[in-house]
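Notes to accompany the following structure.
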2 protein chains.
Amino acid sequence: MQVSAAKTHTTRDPRLSRREAKIAALVSEAWELARRDGLAAISLRDLAAAVGLRQPSLYVYFDSKLALYDALFADGYRQLLTYLDDRDYSGTPRDVLVEFTRDLITFASADAVRYQMLFQRPIPGFEPTTESFAFALEFYERATALAGAAGIRAQTDIDLFAAVINGLSHQQVANDPGGHRWADLADRAIDMLLASRPQPT
Amino acid sequence: MQVSAAKTHTTRDPRLSRREAKIAALVSEAWELARRDGLAAISLRDLAAAVGLRQPSLYVYFDSKLALYDALFADGYRQLLTYLDDRDYSGTPRDVLVEFTRDLITFASADAVRYQMLFQRPIPGFEPTTESFAFALEFYERATALAGAAGIRAQTDIDLFAAVINGLSHQQVANDPGGHRWADLADRAIDMLLASRPQPT
DNA sequence: GTCTATACATCGATAGAC
DNA sequence: GTCTATCGATGTATAGAC
């Protein structure tokens, strides 16, 4: 958990990789602070202190506070994609979709603040950059691909699917953080979604 | 919209009611500011200026900023309950539940910030007082009563119902504010929920 | 109830030395 | 790349006159 990479690609340049390691440490500490005080309440002074720097030194690594949020956004989605990579989905498309749903709820439930950042956008004035948003798109493509394989293809079907996944995750995070009360409803939820399609495949 | 009452009961004392009118105006202006800058970014200076006061004068009406948030929380639920009161639900329990769901999504969609305050709790450190939370409980009782009448009574059924309603509202607010793309899915959502119960009534 | 004045903390960001 | 020093803004809250 919380393992992060500052960039997608690796590099051999020792100067660059040291910089990236520092950025990764800053991002990791920022998650820590956000879990303690809330995302919006992260203070650059606290963050700097947590890694043994003074606050102005952070501007070497982030142009602004919004740039830090952008790094968190990208990092969160990178964590999500890695988490999904590490799972191997087997079985019928229906079973795969159930597993995927359960995993997603579990991932959300493991870190409320991260869930907030990825799916609720609670920072007024923050919009992810195109680069960071690409990770979000990658996730949505994977999700719709799995749903499509199980027969959820019409736009209204996808809308309803998205709403149910989102609702389950939210209830899990808000009312039973770290638990699995709503994650356990994943199979029922998928079955009812599949059964509700106007014209079955 | 945004019509608010500072207290549930009315009073004949002209001094008290003037005070209440002022509080209501402050709450209404606070919603306005929150829609502009976000809930967490409400500034007491701005709020005071918006009603022709100086910032310290607000402390005559609210003991602290959290007290203002508490007033907003209570006001939002009062708006929701009033909104539901004004609708007359007729037909089968299933039809009533569909209407209720649609209304809820519409209400949420009409004001993203209000939705945030009532259902997402985005202010770190803010917890509603028992008095204000009573309005929330009143709402949840009405919702579970309507769901129960349609046959949603088991805890897992209620959990799934809550997740679906919540997910539909969230998607509506986040992706189509003011629209009805997810509100239109209410009847399908209710039917699939009713059909998914392990043991039908 | 409203005001002025102010205390006091915290914040993001910049300038410039080293 | 890191630092000290500091700016300028903003924030909540209180004291005390009127």
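Chain letters run A, B, ... following the sequence lines, proteins first and then strands; every chain starts at 1.
When the P atom of dT2(D) is taken as reference, atom CG of Leu58(A) falls 10 Å away, rounded to whole Å. Here the P atom of nucleotide dG1(D) and the OH atom of Tyr59(A) are 17 Å apart, to the nearest Å. With rounding to whole Å, Lys65(A) atom NZ is found 14 Å from dA9(D) atom C1'. Going from atom CD1 of Ile23(B) over to atom C1' of dG1(C) covers 13 Å, rounded to whole Å. Here dT10(C) presents its C1' atom at 16 Å from CG of Leu44(B), a figure rounded to the nearest Å. Remark: C1' of dG1(D) and CG of Asp63(A) are 15 Å apart, rounded to the nearest angstrom. As a whole-Å value, the separation of Arg45(B) CZ from dC3(C) C1' is 14 Å. Taking atom CD of residue Glu20(A) and atom P of nucleotide dG1(D), one finds them 12 Å apart after rounding to whole Å.
One finds a side-chain N or O of Ser57(B) lying less than 4.0 angstrom from the OP1 or OP2 phosphate oxygen of dC3(C). A sub-4.0 Å separation between OP1 or OP2 of dT2(C) and a side-chain N or O of Tyr61(B) is present. Taking only side-chain nitrogens and oxygens, Ser43(A) comes nearer than 4.0 Å to OP1 or OP2 of dC11(C). Between Arg54(B) and dT4(C) there is a side-chain polar atom (N or O) within less than 4.0 angstrom of OP1 or OP2.
In summary, Arg102(B) and Asp187(B) do not engage in a salt bridge, as defined by a charged side-chain N under 4.0 Å from a carboxylate O. Taking 4.0 Å as the cut-off between side-chain N and carboxylate O, Arg114(A) and Asp75(A) do not count as a salt-bridged pair.
Checked against a 6.0 Å centroid threshold, the rings of Tyr77(A) and Phe73(A) count as neighbours.
Using cut-offs of 30° and 60° for the angle between ring planes, the Phe107(A) and Tyr83(A) rings count as tilted.
Ile42(B) comes within 4.0 angstrom of the backbone, heavy atoms only, and of no base.
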